[in-house]
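Data first, discussion second: the structure below is written as structure tokens.
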Amino acid sequence: QVQLVESGGGLVQPGGSLRLSCEASGFTSDYYGIGWFRQVPGKEREGISCISSKNITVYADSVKGRFTISRDGAKNSVYLQMNSVKTEDTAVYYCAARYMDCFHWRTGADFGSWGQGTQVTISS
């Protein structure tokens, strides 16, 4: 069974850091683009980053310079390192997979497998 599971969310103060994990099972994530997305209540889902099967990375302007995406093939996992977090980073964060590349990563179109999400709350 194809599955993605996010973890690592929680409550963090502005300016702090945390790392989100996306663990894949039922498929080899090395051959997939893995994207991170976030959803704020009342707003559209936002693609924030993606790493392709060639390990090419892309970032939304809102997180560029603060977040870093990476993968560990041995663990079949992808990570999102979040630094210098802001209150506007508060959201449910999801990871999703698309075969080979990261096309449509800003919206998640053609990303066929999704995790259940993990809550990130940035607050003083």
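Quick caveat: nothing in here was measured; it's all calculated off a predicted structure.
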To check you understand the geometry: which heavy-atom pair defines the closest contact between [X] and [Y], and what is its length?
X: Gln116; Y: Val5; result: OE1-CA, 3.7 Å
X: Thr87; Y: Pro14; result: CG2-CG, 4.0 Å
X: Ser124; Y: Gln13; result: O-NE2, 4.4 Å
X: Gly117; Y: Val92; result: CA-CG1, 3.9 Å

Spacing of [X] atom [atom1] and [Y] atom [atom2] [to the nearest 0.5 Å]:
X: Glu23; Y: Asp72; atom1: CD; atom2: CG; value: 10.5 Å
X: Ser70; Y: Gln81; atom1: OG; atom2: CD; value: 8.0 Å
X: Cys50; Y: Trp36; atom1: SG; atom2: CH2; value: 12.0 Å
X: Ser113; Y: Gln3; atom1: OG; atom2: CD; value: 10.0 Å
X: Ile122; Y: Ser84; atom1: CD1; atom2: OG; value: 11.0 Å
X: Leu11; Y: Gln119; atom1: CG; atom2: CD; value: 9.5 Å

Determine whether a donor-acceptor pair (N or O, by modelled atom type, separation under 3.5 Å) exists between the side chain of [X] and the backbone of [Y].
X: Thr28; Y: Asp30; value: no
X: Glu6; Y: Thr118; value: no
X: Arg45; Y: Thr107; value: yes
X: Arg71; Y: Ser52; value: yes

Joint cluster assignment, [X] & [Y], ILVMFWY side-chain distance < 4.5 Å:
X: Trp105; Y: Tyr94; value: yes
X: Leu4; Y: Met100; value: yes
X: Ile69; Y: Tyr99; value: yes
X: Val78; Y: Val2; value: yes
X: Phe103; Y: Tyr32; value: no

Parallel, tilted or perpendicular: which fits the ring planes of Phe67 and Tyr93, with parallel below 30° and perpendicular above 60°?
->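 Because their plane-to-plane angle lies in the 30° to 60° range, the rings of Phe67 and Tyr93 count as tilted.
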Phe37 and Trp114 aromatic ring geometry - parallel, tilted or perpendicular at 30°/60° bounds =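 Geometry flag for Phe37 against Trp114: tilted rings.
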Quick one about [Y] and [X] (side-chain donor to acceptor, distance below 3.5 Å, no hydrogens or angles considered), yes or no?
X: Glu46; Y: Ser62; answer: yes
X: Asn76; Y: Ser29; answer: yes
X: Asn83; Y: Ser17; answer: yes

side-chain contact (heavy atoms from CB on, under 4.5 Å) between Phe111 and Ile34, worked out | CA-CA 9 Å; Phe111 283 72; Ile34 306 295; over 6 Å; no
May I have the step-by-step check of side-chain contact (heavy atoms from CB on, under 4.5 Å) for Leu80 and Ile48, ending in yes or no?
-> CA-CA 10 Å; Leu80 185 69; Ile48 58 173; 3.6 Å; yes
Step by step, would you call Arg66 with Asp89 a side-chain contact (heavy atoms from CB on, under 4.5 Å)?
-> CA-CA 11 Å; Arg66 299 188 298 117; Asp89 294 323; 2.8 Å; yes
Salt bridge Asp61-Lys64, side-chain N to carboxylate O under 4.0 Å |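 Salt bridge present between Asp61 and Lys64.
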Within 6.0 angstrom of Glu44 CD, more than 12 heavy atoms from elsewhere =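 Count not over threshold, so no.
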